Structures are given as structure tokens and as C-alpha cells.
Amino acid sequence: MNRFAKGLLVAALVAVVGMAFRVSWNAQHDVARTVGADDTAAFLYPFVVDGLMALALVATLVLTGKDRTFALRVLAGYTAASLVLNYVHGLVPALRGGEARMQLADWAPANWALVLLATSLPVGAIFFGSDLVAKVLHHRSTPTADQDETQQSHTNRLGSDLQESAPETPPTVAESPAPESADPAPVVAPEPVAAPVAEVEPVKPTEPPALRPVAAVESGPRRATGRVPQSARTPRPTRTPDELLTEARTATADWPDEKLTAEAIRKVVRTSSANGRMLRDALKAERAARAVVEAEAA
């Protein structure tokens with residue numbers, strides 16, 4: 001169906017719905033006047049009932065799952081209520097015009113039920129209409145047909161890739177039996193002929209291939225990943241205080257007194273901080289004693 005035909009169909013449906021609403025509007029207007037509505041309320045009453053029917057119909061096209069079921073129930077309920085009000089309007093001739101209040105049925109329980117139905121429809125329209133609008137606004141659309149086609153094309157592409165990567169096996173041809181003739185020809189046995197015996201040459205022994213040595217590839221030393229035990233550690237040489245003092249005296253012989261600090265001595269001699277302070281005090285004491293001796297000799 002082309003676009004012009006669709007437009008004509010939609011226009012015809014809108015016209016039919018509009019005329020049906022006008023017919024239903026007359027009955028509901030009169031019923032509203034009968035149950036006590038004023039002119040403005042009676043004029044808007046049909047829009048409340050039939051308008052909620054249209055809203056529920058649109059909601060069924062948008063919603064899915066439980067929300068769609070709820071919209072269908074609202075549509076069915078308000079359609080049945082509108083049908084009942086139109087039926088009562090046609091059944092009671094005095095309702096036409098709706099000029100004065102009157103009973104909708106002679107039986108009191110039926111009259112109470114009809115009045116309750118007519119007066120509760122606007123309140124129900126507020127509740128159900130608000131709920132449907134909220135459900136439509138918070139609805140998230142499901143995957144569309146385009147996404148399904150994209151997934152299908154992706155599956156087809158994967159299938160074609162698998163077919164290309166699979167090795168092709170040659171087709172097997174079934175061997176058909178040779179056709180048998182109706183009258184088989186007589187088989188003549190050939191006379192045995194002595195075949196010449198070929199000389200057999202001795203097989204020469206083959207030498208095994210020579211094996212060449214290949215150098216082994218050495219991997220780098222592995223790093224220790226945990227605490228190395230004391231037995232596996234390289235022993236460090238332990239120096240006596242006299243050896244430390246001799247080494248420090250040699251290293252700091254040309255140092256001025258300002259540079260003679262415990263940290264500098266520790267770094268040069270490569271010892272602990274305590275040994276560095278001990279060596280500093282010993283060297284300063286030696287230099288002070290040497291200065292006193294030189295002063296006395298002068």
C-alpha cells in the first residue's frame with residue numbers, strides 16, 4: 001500500500017471515530033446532566049470517558065508486557081462503561097435532553113449502581129490516565145527489527161567465515177557395478193607363460209646422518225623472589241676496629257677538619273653509622289694530639 005492509500009485510510013478511520021464520538025457524546029452528556037453535573041461538566045464528561053479510551057488505545061501500541069495488559073484492561077473497562085451509559089440512555093426515553101435529575105432505573109439497587117458508575121468514571125480517568133502517561137514516559141523501547149537484521153547479518157557473516165576456513169573434502173563417488181550382459185561370453189583361460197626372473201641387486205647399507213653438536217642456550221640468572229636463607233648468602237668480610245681505623249686514616253689523610261664528618265667517613269669506608277661516628281672521634285683525637293705535639297716541638 002502506497003502513502004496516498006494509507007493517508008486515505010487514516011482519514012476515513014478518523015472520520016468514523018469522530019462521528020462515533022459525536023453519537024456517544026450525546027448520550028453521556030444527558031447522563032451527566034441527570035446525575036447532577038452542570039453545563040460545563042456535562043459538556044466535558046464525554047471527553048473524559050471516550051478520551052481515556054483513546055489514550056489507553058495508544059498506550060497499548062507503545063507499552064509491552066504487564067504495562068500493555070494494564071492498558072488493555074483500562075480500555076476494556078471504559079469501553080464497557082461507555083456502552084452501559086449509551087444503553088441506559090437509549091432504554092430510558094426521559095433521559096433525552098437531560099433537563100432534570102431523575103432515576104436511571106426503577107429498581108433502587110440498579111439505580112445506585114448506575115449512578116456510582118457514572119460518577120466514578122471521571123475519578124477513574126484521573127487515576128488511570130495519570131498512570132498510563134507515567135508508564136508511557138518511563139517506557140524503554142525493545143530491540144527493533146533493524147537490530148535483529150544486524151544480528152542476523154553478523155551470524156551469516158560468521159557462518160560464511162567458518163565455511164571458508166573449513167577444508168573442502170572431495171566428493172565421494174559411489175562405484176556402480178558393471179552391467180551384466182544377458183548372454184555371458186565364454187571365458188578362455190590363458191596359457192601360462194614363464195616370466196623372466198629379474199636379477200636382484202644387493203641393497204647397500206645407508207650411513208646414519210652425522211649429528212652436529214649444538215651449543216646450549218644459557219638463560220639469565222633467576223632473581224630471588226623471597227627471603228634468601230642465611231646459608232645461601234655470600235659471607236661478608238668482617239673488619240676489626242683497627243683495620244677500619246687504618247683504612248679511614250688513609251682515606252682522610254688530606255681532608256680538612258671541616259670535611260671530617262661521620263657520614264663522609266661512613267661512605268668512604270663503607271661501614272655502619274656507629275662505626276662512622278667512632279672513626280670520626282678517633283681521627284679528630286689523633287689530629288688534636290698531633291697538633292699539641294707539633295706546638296710543643298715548635
Side-chain angles (χ1 to χ4, degrees), residues 1-38 40-90 104 109-158:
M1 183 181 293
N2 55 16
R3 183 176 300 178
F4 179 73
K6 289 183 180 179
L8 288 179
L9 179 60
V10 171
L13 291 175
V14 170
V16 172
V17 172
M19 290 184 290
F21 173 77
R22 177 62 184 86
V23 176
S24 178
W25 182 88
N26 188 28
Q28 295 182 24
H29 173 270
D30 295 343
V31 172
R33 290 295 304 272
T34 303
V35 296
D38 56 4
T40 304
F43 177 79
L44 297 176
Y45 188 86
F47 293 96
V48 173
V49 180
D50 295 342
L52 184 61
M53 290 170 54
L55 176 62
L57 179 60
V58 174
T60 56
L61 301 177
V62 177
L63 300 176
T64 57
K66 296 182 179 180
D67 295 338
R68 186 174 184 271
T69 304
F70 173 76
L72 286 173
R73 291 177 179 176
V74 173
L75 176 61
Y78 269 74
T79 302
S82 178
L83 177 61
V84 171
L85 295 181
N86 281 269
Y87 174 72
V88 173
H89 182 267
L104 299 178
N111 180 63
W112 298 339
L114 292 174
V115 173
L116 178 62
L117 175 64
T119 54
S120 62
L121 288 178
V123 180
I126 296 174
F127 175 77
F128 294 120
S130 303
D131 194 10
L132 287 176
V133 170
K135 291 180 183 299
V136 170
L137 293 179
H138 290 83
H139 175 69
R140 294 182 179 180
S141 59
T142 55
T144 59
D146 295 339
Q147 297 180 358
D148 296 340
E149 293 178 359
T150 304
Q151 184 178 4
Q152 184 65 25
S153 62
H154 181 67
T155 305
N156 295 338
R157 186 170 61 253
L158 290 178

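Along the sequence shown, residues carry numbers from 1. All figures in this text were calculated on a predicted structure; none of them were measured in a lab.
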As a quick check of understanding, evaluate side chain to side chain contact (heavy atoms under 4.5 Å, CB included) for D131 and V74, giving each step before the final call. CA-CA 11 Å; D131 194 10; V74 173; over 6 Å; no

Test side chain to side chain contact (heavy atoms under 4.5 Å, CB included) applied to L57 - qualifying residues, sequence neighbours left out: T60, L75

Assess whether side chain to side chain contact (heavy atoms under 4.5 Å, CB included) is satisfied between N86 and V31, documenting all intermediate values. CA-CA 9 Å; N86 281 269; V31 172; over 6 Å; no

Ring centroids only, cut at 6.0 angstrom: are W25 and F43 within range, meaning strictly under it? yes

Y45 side chain vs A118 backbone, donor-acceptor pair below 3.5 Å: yes

Of all heavy-atom pairs between A32 and A42, which one has the smallest distance, and what is that distance? CB-CA, 4.0 Å

Is the closest side-chain heavy-atom distance between L114 and V84 below 4.5 Å? yes

4.5 Å side-chain heavy-atom contact, H139 and K135: no

For the atom pair CE (M53) and CG (L55), what is the distance rounded to the nearest 0.5 Å? 11.5 Å

Is a donor on one side and an acceptor on the other found under 3.5 Å between the side chain of S82 and the backbone of Y78? no

Listed partners of D50 passing salt bridge (Lys or Arg N to Asp or Glu O under 4.0 Å), at least two apart: none

Quick one: list whatever passes side chain to side chain contact (heavy atoms under 4.5 Å, CB included) with A5, sequence neighbours left out. M1, N2

When rounded to the nearest 0.5 angstrom, what is the spacing between CZ in R3 and CG in L8? 13.5 Å

Measuring from L63:CG to L132:CG, what's the distance to the nearest 0.5 Å? 7.0 Å

Nearest non-hydrogen partners of L52 and G124, listed with the distance: CD2-O, 4.4 Å

